[in-house]
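Notes to accompany the following structure.
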Amino acid sequence: MSEIPQAREELNRLGRSLREQMVALITDLTPGADLHLLFLDDPLLADWHEPLRHHFSALFRGERPATVTAAEITSRAAALLDAAGWDVTTSEEQQDGKRATLVLAHRDGNVIRVGTGDHTSAVMFSGRTPALALRAPKPFQRPEPVRTAETVTPGYVLCYECEGLGWCYGCGGRGWRPSEPHGRTRCRECSGRKVCPICRGGGELAVSQLSEYQRGYYPDVD
């Protein structure tokens with residue numbers, strides 16, 4: 001698959017922007033937090049549908065100062081994000097029967113959440129960029145068989161499972177199949193190993209080693 005021009009550069013730009021905003025929030029709301037624990041260095045796979053999409057994503061826990069209430073954290077977070085040009089909403093929710101507040105902000109496809117409550121000193125920060133495709137999709141083509149009727153080794157027969165393909169017949173050697181809702185799932189035939197589970201990639205089976213069951217697939221073989 002070919003790279004989409006400027007896609008990685010744009011994703012990196014969004015990641016830097018997200019990190020800068022999260023650092024500003026964490027530093028202001030939970031002073032003294034160890035920012036080395038804010039992992040936003042490499043994009044993560046966000047969507048397994050073709051074409052694959054990647055995003056930057058992070059989850060960070062800070063500690064609310066003892067003299068600051070959860071309501072003050074929420075108000076301050078909303079004000080900081082609003083001033084930075086984010087679209088901000090606040091809400092309340094119940095977590096294990098206790099009231100928590102959530103600040104949700106959107107900008108340029110980025111999302112930031114700040115959650116806290118009076119029942120805990122934790123302030124949870126999360127953020128993610130939009131998911132971008134970095135490579136153009138390539139139509140799937142089944143590989144050429146490793147053995148054919150003309151190239152089968154003397155004393156061997158084409159594998160009854162893959163008919164000489166060698167690769168898993170179910171997934172075509174990818175190790176996965178398209179599936180919803182996540183886009184793909186591990187192939188049940190080969191368990192992700194990609195090769196045919198019967199001939200293990202050879203495309204053929206030795207006649208002398210065929211079991212009685214396997215010989216049923218080859219009625220013309222003595």
Side-chain angles (χ1 to χ4, degrees), residues 3-137 180-184:
E3 293 185 358
I4 299 175
Q6 284 78 53
R8 182 57 189 265
E9 289 81 357
E10 174 63 9
L11 185 58
N12 288 343
R13 183 191 70 80
L14 290 167
R16 289 192 299 269
S17 176
L18 178 64
R19 182 181 179 85
E20 290 171 1
Q21 186 63 76
M22 291 190 70
V23 166
L25 282 171
I26 293 167
T27 302
D28 189 286
L29 301 176
T30 58
D34 185 359
L35 292 173
H36 289 97
L37 299 177
L38 178 62
F39 302 113
L40 263 171
D41 300 324
D42 297 303
L44 304 173
L45 188 58
D47 189 339
W48 287 90
H49 292 85
E50 293 290 343
L52 300 180
R53 290 174 169 81
H54 294 75
H55 69 175
F56 285 95
S57 177
L59 179 65
F60 186 91
R61 172 177 172 145
E63 293 295 322
R64 174 167 53 85
T67 57
V68 179
T69 66
E72 289 171 329
I73 290 287
T74 299
S75 176
R76 179 63 176 164
L80 288 171
L81 289 163
D82 182 70
W86 292 69
D87 294 325
V88 182
T89 59
T90 60
S91 62
E92 293 186 359
E93 57 185 36
Q94 294 291 319
Q95 294 181 353
D96 298 327
K98 298 177 181 179
R99 186 174 66 86
T101 59
L102 176 68
V103 177
L104 180 63
H106 296 82
R107 188 183 71 183
D108 297 332
N110 290 315
V111 178
I112 287 179
R113 291 180 173 86
V114 181
T116 189
D118 284 326
H119 64 284
T120 177
S121 63
V123 181
M124 301 303 300
F125 302 86
S126 65
R128 70 172 187 269
T129 68
L132 302 183
L134 303 182
R135 295 179 178 273
E180 296 300 335
H182 303 295
R184 61 174 65 176

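Any value given below was found using the heavy atoms of this structure, including those in side chains, with hydrogens, waters and symmetry copies removed. In what follows, residues are counted from 1 in the order of the sequence shown. This one's a predicted model, so the numbers in the text were calculated from it and none came from an experiment.
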**Item:** Pairs meeting criterion side-chain hydrogen bond (donor to acceptor under 3.5 Å, both in side chains) with involvement of residues 105-115, two or more places apart
**Value:** S17-R107
Once you round to the nearest 0.5 Å, how far does [atom1] of [X] lie from [atom2] of [Y]?
X   : Y    : atom1 : atom2 : value
L44 : F56  : CG    : CZ    : 8.5 Å
L18 : S57  : CG    : OG    : 8.5 Å
N12 : T129 : CG    : OG1   : 9.5 Å

Any [X] side-chain heavy atom under 4.5 Å of [Y] side chain:
X    : Y    : answer
L102 : T90  : no
R8   : H54  : no
L14  : L132 : yes
L11  : L134 : yes

Pair up each side-chain donor or acceptor in residues 22-35 with any protein partner under 3.5 Å, not counting sequence neighbours, and list the distances.
unit_1, atom_1, unit_2, atom_2, d
T27, OG1, V23, O, 2.7
D28, OD1, R76, NE, 3.0
D28, OD2, R76, NH2, 2.8
T30, OG1, I26, O, 2.8
D34, OD1, H36, N, 3.0
D34, OD1, H36, ND1, 3.1

N/O donor-acceptor pairs under 3.5 Å from side chains in residues 77-89, not counting sequence neighbours:
unit_1, atom_1, unit_2, atom_2, d
W86, NE1, Q21, OE1, 3.1

Is there a donor-acceptor contact under 3.5 Å from the side chain of [X] to the main chain of [Y]?
X    : Y    : answer
R135 : A133 : no
T116 : A122 : yes
R16  : E20  : no

Going by side-chain hydrogen bond (donor to acceptor under 3.5 Å, both in side chains), name the residues that satisfy it together with [X], two or more places apart in sequence or in a different chain.
X    : result
T69  : E72
T101 : T74
Q6   : none

Under the salt bridge (charged side-chain N to carboxylate O under 4.0 Å, His left out) test, which residues partner [X], sequence neighbours left out?
X    : result
E10  : R13
R61  : E63
E92  : R99
R184 : E50

Taking all atoms of both residues into account, what is the closest heavy-atom pair of [X] and [Y], and its distance?
X    : Y    : result
W48  : L52  : O-CD2, 3.4 Å
H55  : P130 : CB-O, 3.5 Å
P181 : H49  : O-CE1, 3.1 Å

**Prompt:** Looking at residues at least two apart in the chain, or sitting in another chain, which of them share a side-chain contact (heavy atoms from CB on, under 4.5 Å) with L59?
**Reply:** M124, S126
**Item:** side chain to side chain contact (heavy atoms under 4.5 Å, CB included) between V68 and I73, worked out
**Value:** CA-CA 7 Å; V68 179; I73 290 287; 3.8 Å; yes
**Request:** Provide the full list of salt bridge (Lys or Arg N to Asp or Glu O under 4.0 Å) pairs with a residue in residues 122-134, sequence neighbours left out, each pair given once.
**Result:**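 Those involving residues 122-134 do not exist here.
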